Every structure is written in structure tokens, then in C-alpha cells.
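Notes to accompany the following structure.
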Amino acid sequence: MPQDRASEQSPLSAKSPFELRVNLGKDVPEADVRSALATGDMGFLHSFTTGSAVDGPGVRVVAWTAGCMWRCLYCHNPDTWTMTNGIPVTLARATEELRKYRQGLKAMSGGFTLSGGEALMQHRFAVKLLAAARGMGIHTALDTNGYYGDRLSDSELEVADLVLLDLKGWDPERHRRLTGMDIGPTLAFARRLAEQRRPVWVRFVLVPGWSDDPAEIDGVARFAAGLGIVERVDVLPFHQMGRFKWKELGLEYKLDDVQPPSAEVVERACAAFRAVGLKAY
Ligand code: SF4
């Protein structure tokens with residue numbers, strides 16, 4: 001199959017998810033893309049990286065999917081927006097790749113995280129790959145903005161031992177301007193995770209001028225605390241490491257003048273989460 005050949009020729013491992021990758025799946029026929037989405041037997045991955053200490057508990061292998069319908073102004077991986085920028089990878093090959101790390105991940109109390117892009121753009125592949133990892137005894141985490149959470153059945157939710165839920169803001173209009181999308185489906189997914197008692201870590205990107213407003217942080221914090229399932233909050237300071245990708249891809253980058261938040265501002269945001277009883281780092 002052409003996609004197998006393409007996947008064999010393209011290196012899955014990237015030194016970092018910040019590597020710019022484009023058009024790696026461009027030769028996959030449209031019908032094969034549709035079939036992959038329908039069956040989950042093939043996915044499009046930007047890369048695999050190993051040794052992450054920031055994408056869930058312990059040391060983790062992370063598969064970065066390609067494909068995202070959001071347009072966050074601060075996105076550091078806009079090359080992952082287009083699914084066919086990713087490498088077409090069969091489920092079997094992705095599973096084999098993970099198998100290599102199985103023992104090491106267990107020894108380091110780590111696991112496998114499926115991130116993106118937006119992993120639930122390829123929800124059938126996501127479910128199958130997470131289930132395969134779990135079947136090998138590997139702890140699994142799904143990093144998602146939650147927008148397509150309703151694509152997963154209640155039993156499919158259980159393939160992720162942990163959900164890393166990206167909450168990017170609170171005010172609906174500001175959220176739409178920041179991400180291009182409605183906040184409603186994300187909040188609905190969060191409430192559903194709460195009903196199912198699924199463990200969640202919240203990720204909150206702190207962007208000066210966008211999400212550092214005390215009312216904004218307070219809104220996210222109170223919502224997260226009210227869920228009753230949030231084990232910790234990671235406050236992720238905005239950075240400029242993805243700026244070059246926007247330029248390379250010919251996209252208009254609107255945050256050129258935004259500086260990363262100071263340590264003091266980050267600490268203030270963490271304090272707001274702690275004030276409602278959450279662990280925040
Ligand atoms: S949801 Fe993630 S991958 Fe998608 S645009 Fe936002 S930051 Fe980028």
C-alpha cells in the first residue's frame with residue numbers, strides 16, 4: 001500500500017515536536033484518507049517523541065497527531081493543522097513503535113500520551129492506538145481540546161487513563177477570538193468526564209493580553225474546581241518557539257509583540273488555581 005511505503009521512508013521520530021513537517025502524507029489518495037478516518041487502522045502523525053516529562057505523569061512517549069480545526073493565535077505547531085502534513089502510519093506500525101518503549105516506560109512510571117494537533121480529529125485511530133498501548137500495560141493519556149469529545153462513547157473514554165484537557169480561556173467571545181472556536185463543546189466534554197469520574201489534568205496556556213486577566217483565570221479555575229476530577233493544573237507560559245513555523249508556512253502571526261509572561265505572572269495564575277483548592281504548577 002502506498003501509505004505503508006511512505007511511512008517506512010519517513011522518520012517517525014523527531015528530535016522535538018517543534019520540527020517543521022509538511023506534506024509528508026500528501027500522496028495518500030483521498031479515498032485512503034477517508035478510509036483511515038473511518039476505520040482507525042491508519043493515522044497521520046506529525047512525529048513520535050520520547051523522554052517527555054511534561055505531558056502526563058512520569059517520563060512519556062508522545063505521538064503528535066496531525067490535523068486540528070482550531071486556530072489558536074499562539075499555536076506553536078501550525079504545521080499540525082493539516083492532516084496530510086503528517087506521516088501516514090498504520091496502527092500496526094505505531095503499536096510496534098510503542099512496544100519498543102514498553103519496559104522503559106514502566107520502569108520510569110511513565111506512559112504514552114497521544115497529543116496533536118487535535119488527536120480526536122482521528123478519533124478512531126486515537127481509540128485504537130490508546131487501547132493498544134493499554135493492552136501492553138502502558139499508562140495512557142489523551143491530550144485534547146475536547147471539542148470532539150462527543151465522538152467517543154463512554155467505554156471508549158476509558159482507553160485513556162488520564163485526559164489532559166486544554167482549557168484555553170473562559171469568556172466565550174475572547175475564546176472564539178483566541179482559538180477560532182466555541183468554548184461550549186469543550187466545557188460539555190469536561191462535564192461529561194466529571195460525570196464519568198475520569199481523571200483530568202487541566203492545561204492552561206497563559207498568554208499575556210489574552211488569558212492573564214484575573215477574571216479569565218478565575219473563571220477557568222472555578223469551573224475546573226467544580227468538576228471534582230481535576231488532579232492538577234499545568235499553567236503553560238506562552239512562548240515564541242513556534243513563531244518561525246507561522247512565517248515558514250506563510251501564515252499571519254498576530255502575537256509577534258507578545259512577550260512570555262514573567263515568573264511572577266505565572267505564579268499569580270498558579271495561586272488563583274490553588275485558591276480554589278487545585279494543585280497548580
Ligand atoms: S488546539 Fe492545539 S494544535 Fe490546534 S490550533 Fe490550538 S494550539 Fe494548535
Side-chain angles (χ1 to χ4, degrees), residues 1-50 61-72 75-100 112-133 135 140 142-153 156 159-160 179-181 185 242 245-252:
M1 289 161 66
Q3 58 267 36
D4 280 337
R5 282 202 300 278
S7 127
E8 279 159 18
Q9 286 160 8
S10 307
L12 263 185
S13 303
K15 288 191 188 68
S16 136
F18 295 111
E19 270 184 29
L20 179 72
R21 293 189 153 186
V22 293
N23 287 336
L24 297 173
K26 73 176 181 350
D27 294 333
V28 179
E30 179 63 31
D32 287 359
V33 174
R34 276 201 301 274
S35 158
L37 288 173
T39 65
D41 290 336
M42 185 182 81
F44 290 83
L45 294 182
H46 175 276
S47 53
F48 256 83
T49 53
T50 56
V61 168
V62 185
W64 307 89
T65 58
C68 185
M69 61 293 172
W70 290 33
R71 293 294 176 264
C72 303
C75 182
H76 56 236
N77 285 321
D79 49 337
T80 65
W81 291 350
T82 305
M83 199 175 298
T84 51
N85 273 350
I87 306 167
V89 182
T90 61
L91 179 68
R93 181 172 178 215
T95 305
E96 272 322 295
E97 191 75 12
L98 271 181
R99 194 182 302 279
K100 291 184 203 164
F112 169 59
T113 299
L114 188 65
S115 186
E118 169 47 50
L120 295 185
M121 286 284 284
Q122 307 178 54
H123 69 289
R124 295 193 191 283
F125 180 72
V127 166
K128 286 187 173 180
L129 186 53
L130 288 166
T140 55
L142 169 66
D143 179 17
T144 178
N145 60 38
Y147 193 82
Y148 283 146
D150 60 1
R151 291 180 170 188
L152 302 186
S153 67
E156 286 172 339
V159 297
T179 68
M181 303 298 276
K245 289 191 174 185
W246 287 71
K247 314 272 172 194
E248 292 280 332
L249 295 169
L251 299 167
E252 185 194 0

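From a predicted model like this one, the values you see are computed outputs, not experimental measurements.
Classification of the Tyr147-Trp70 ring pair by plane angle, with boundaries at 30° and 60°, yields perpendicular.
Counting only distance, with no hydrogens or angles, the side chain of Thr179 and the backbone of Cys72 share no donor-acceptor pair below 3.5 Å. The backbone N or O of Leu130 lies less than 3.5 Å from no partner atom in the side chain of Thr140, so there is not a single donor-acceptor pair. A donor-acceptor pair is defined here as one N or O able to donate and one able to accept, closer than 3.5 Å; no such pair exists between the side chain of Gln122 and the backbone of Gly67. Formation of a donor-acceptor pair under 3.5 Å by the Glu97 side chain with backbone atoms of Ala94 is not found in this model. A donor-acceptor pair under 3.5 Å is absent between the side-chain atoms of Arg124 and the main chain of Asp41, judged by distance alone. For Thr82 (side chain) and Asn85 (main-chain N/O), no donor-acceptor pair under 3.5 Å exists by modelled atom type. In terms of modelled atom types and a separation under 3.5 Å, the side chain of Thr80 and the main chain of Gly117 share a donor-acceptor contact. A distance-only check finds no donor-acceptor pair linking the side chain of Arg71 to the backbone of Gly180 [under 3.5 Å]. Proximity of a side-chain donor or acceptor of Lys128 to a complementary backbone N or O of Thr39 within less than 3.5 Å is detected.
For Trp64 and Thr49, the side-chain atoms include at least one donor-acceptor pair closer than 3.5 Å. For the 3.5 Å distance criterion, the side chains of Thr144 and Glu118 qualify, holding a donor opposite an acceptor.
With respect to the salt-bridge test (charged N to carboxylate O, under 4.0 angstrom), the residues Arg34 and Glu30 qualify. With respect to Glu96 and Arg99, a salt bridge is recorded, a charged nitrogen being found less than 4.0 Å from a carboxylate O.
When side chains are defined from C-beta on, Met42 counts as touching Phe44, because their heavy atoms get closer than 4.5 Å. Under the 4.5 Å side-chain criterion, counting only non-hydrogen atoms from C-beta, Cys75 is in contact with Trp246.
Of all heavy-atom pairs between Lys245 and Asn77, the closest is NZ-OD1, 2.7 Å. Contact between Ala119 and Thr65 at its shortest, heavy atoms only, is CA-OG1, 3.4 Å.
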Requested in this report: Take Val61 and Leu98, measure what side chain to side chain contact (heavy atoms under 4.5 Å, CB included) needs, and give me the verdict at the end.
Outcome: CA-CA 8 Å; Val61 168; Leu98 271 181; 4.0 Å; yes
